[in-house]
Amino acid sequence: MAVKKCLIMLATVLLLAPIMGNAAERQRLPEPMGPVLASTAAPSAACFRETRWQMSPEQVMAAEQGIGFEQNGAYLLSTASVKAYGGFDAKLAYMFIGDRLAAGVADFSDLPETYAEIDQMFKALFDEIMAMYGEESIGHDDLLFDERTYATSQDAIEAKEISHMVNFLVGGTQIELIFHMRGAQRQLTVQYFDTSSFPM
């Protein structure tokens with residue numbers, strides 16, 4: 001498990017490095033599309049976008065047509081943001097162990113200004129994952145939305161540390177939807193892991 005966390009931390013650093021400080025260009029949230037209905041049963045397998053676990057870097061690039069990549073050690077990184085989960089723009093990272101795909105990360109790094117907007121974005125991502133994999137896929141629910149934060153000033157929100165995380169388990173794939181804010185630092189990601197590549 002420690003190996004998995006180190007891989008994700010490094011991938012996040014690699015993704016965020018070219019875009020830190022670009023706060024002037026904020027992403028606009030898409031218009032609400034109404035409630036998303038979750039399926040009644042979780043499917044038996046889940047994959048990160050168009051890929052499959054154990055693909056080689058070459059196979060991943062062939063599967064993800066139209067995306068530019070750069071290779072950085074054991075990682076393939078998208079060279080630009082692409083439309084990802086929820087229709088939001090994200091940078092992508094694909095992580096390999098022994099040249100075989102073991103994890104994928106969508107990093108929604110160009111976040112809106114306010115916590116309430118980010119919270120809305122988190123919930124939209126949650127609804128989409130629920131619609132894809134079903135309620136039974138939720139392994140751990142740690143949604144701690146504090147309504148009182150909406151009544152506080154943005155400065156007060158940025159002065160505290162806020163974290164939300166939901167884990168999903170679909171077949172041999174673990175999915176983590178994570179939001180973390182500490183001061184002015186914000187991070188929102190969807191992370192997929194091949195559980196056979198990360199033994200407990």
Side-chain angles (χ1 to χ4, degrees), residues 1-17 38-39 41-64 67 69-79 81-82 84-86 88 90-109 122 125-144 161-182 185-200:
M1 189 60 64
V3 173
K4 183 181 82 170
K5 295 302 181 186
C6 289
L7 285 168
I8 292 304
M9 288 176 64
L10 180 54
T12 301
V13 169
L14 292 170
L15 284 168
L16 291 178
S39 58
S44 59
C47 301
F48 184 66
R49 293 175 51 84
E50 302 302 320
T51 65
R52 299 293 181 269
W53 298 132
Q54 305 302 309
M55 278 185 168
S56 67
E58 292 76 19
Q59 289 173 319
V60 168
M61 287 188 285
E64 293 282 30
I67 299 178
F69 289 104
E70 61 181 5
Q71 190 150 10
N72 191 326
Y75 301 87
L76 276 179
L77 307 175
S78 63
T79 55
S81 294
V82 301
Y85 302 98
F88 301 112
K91 298 292 281 294
L92 306 177
Y94 303 78
M95 288 158 283
F96 299 84
I97 296 177
D99 276 341
R100 296 300 171 187
L101 183 64
V105 178
D107 190 309
F108 304 90
S109 48
F122 183 99
L125 291 169
F126 173 82
D127 286 344
E128 177 165 318
I129 296 173
M130 279 278 290
M132 288 191 294
Y133 303 119
E135 185 175 357
E136 291 81 358
S137 65
I138 299 179
H140 175 63
D141 186 345
D142 190 23
L143 287 169
L144 302 177
E161 186 170 342
I162 300 173
S163 294
H164 304 315
M165 181 174 75
V166 184
N167 292 331
F168 300 83
L169 186 62
V170 184
T173 299
Q174 181 173 335
I175 305 165
E176 297 180 357
L177 170 59
I178 301 173
F179 169 63
H180 181 71
M181 180 167 70
R182 184 175 185 181
Q185 297 179 346
R186 298 116 179 267
Q187 182 185 8
L188 177 61
T189 59
V190 173
Q191 307 175 3
Y192 278 59
F193 304 100
D194 175 14
T195 56
S196 66
S197 298
F198 300 97
M200 299 295 290

Out of curiosity, Gln54 CD to Gln59 CD, how far, rounded to the nearest 0.5 Å? 10.5 Å

Could you report the tightest heavy-atom contact between Gln187 and Thr189, atom names first, then the distance? NE2-CG2, 3.6 Å

Separation of Leu77 CG from Asn72 CG (nearest 0.5 Å): 6.0 Å

Kindly compute the distance separating CE (Met132) from CG (Asp127), expressed to the nearest 0.5 Å. 11.0 Å

Does the plane of the ring in Phe193 sit parallel, tilted or perpendicular to the ring in Phe198? Use 30° and 60° as the thresholds. perpendicular

Minimum heavy-atom distance between Leu125 and Gly86, given as atom pair plus value: CD2-N, 4.1 Å

Does the Ser163 side chain pair with the main chain of His180, one donor and one acceptor, at a distance under 3.5 Å? no

Which value, rounded to the nearest 0.5 Å, describes the distance between Asp107 atom CG and Gln191 atom CD? 8.5 Å

Note: Ala46 and Tyr192 closest approach over all heavy atoms is CB-CE2, 4.4 Å

Mutual orientation of the aromatic rings belonging to Tyr94 and Phe69 [parallel < 30°, tilted 30-60°, perpendicular > 60°]: perpendicular

Under the side chain to side chain contact (heavy atoms under 4.5 Å, CB included) criterion, do Arg186 and Leu188 qualify, and how do the steps go? CA-CA 7 Å; Arg186 298 116 179 267; Leu188 177 61; over 6 Å; no

Does CD in Glu50 sit with more than 12 non-hydrogen atoms of other residues, nucleotides or ligands closer than 6.0 Å? no

Heavy-atom pair with the smallest gap, counting every atom of Met165 and Ile178: CG-CG1, 3.6 Å

Run Phe122 and Phe108 through side chain to side chain contact (heavy atoms under 4.5 Å, CB included) and show every step you take. CA-CA 10 Å; Phe122 183 99; Phe108 304 90; over 6 Å; no

Counting distance only, does the side-chain N/O of Glu128 pair as donor-acceptor with the main-chain N or O of Tyr85 below 3.5 Å? no

Taking atom CZ of Phe48 and atom CG of Asp194, what is their separation to the nearest 0.5 Å? 13.5 Å

Could you state the interatomic distance from CD1 (Ile129) to CG (Leu177), rounded to the nearest 0.5 Å? 5.0 Å

Please report the shortest heavy-atom distance between Arg49 and Glu64, naming the atom on each side. NE-OE2, 2.9 Å

Which heavy atom of Leu101 sits nearest a heavy atom of Arg52, and at what distance? CD2-O, 3.6 Å

Given side chains that start at C-beta, do those of Pro57 and Phe96 come closer than 4.5 Å, heavy atoms only? yes

Please tell me if the side chains of Gln174 and Asn167 come closer than 4.5 Å, counting only heavy atoms from C-beta onward. yes

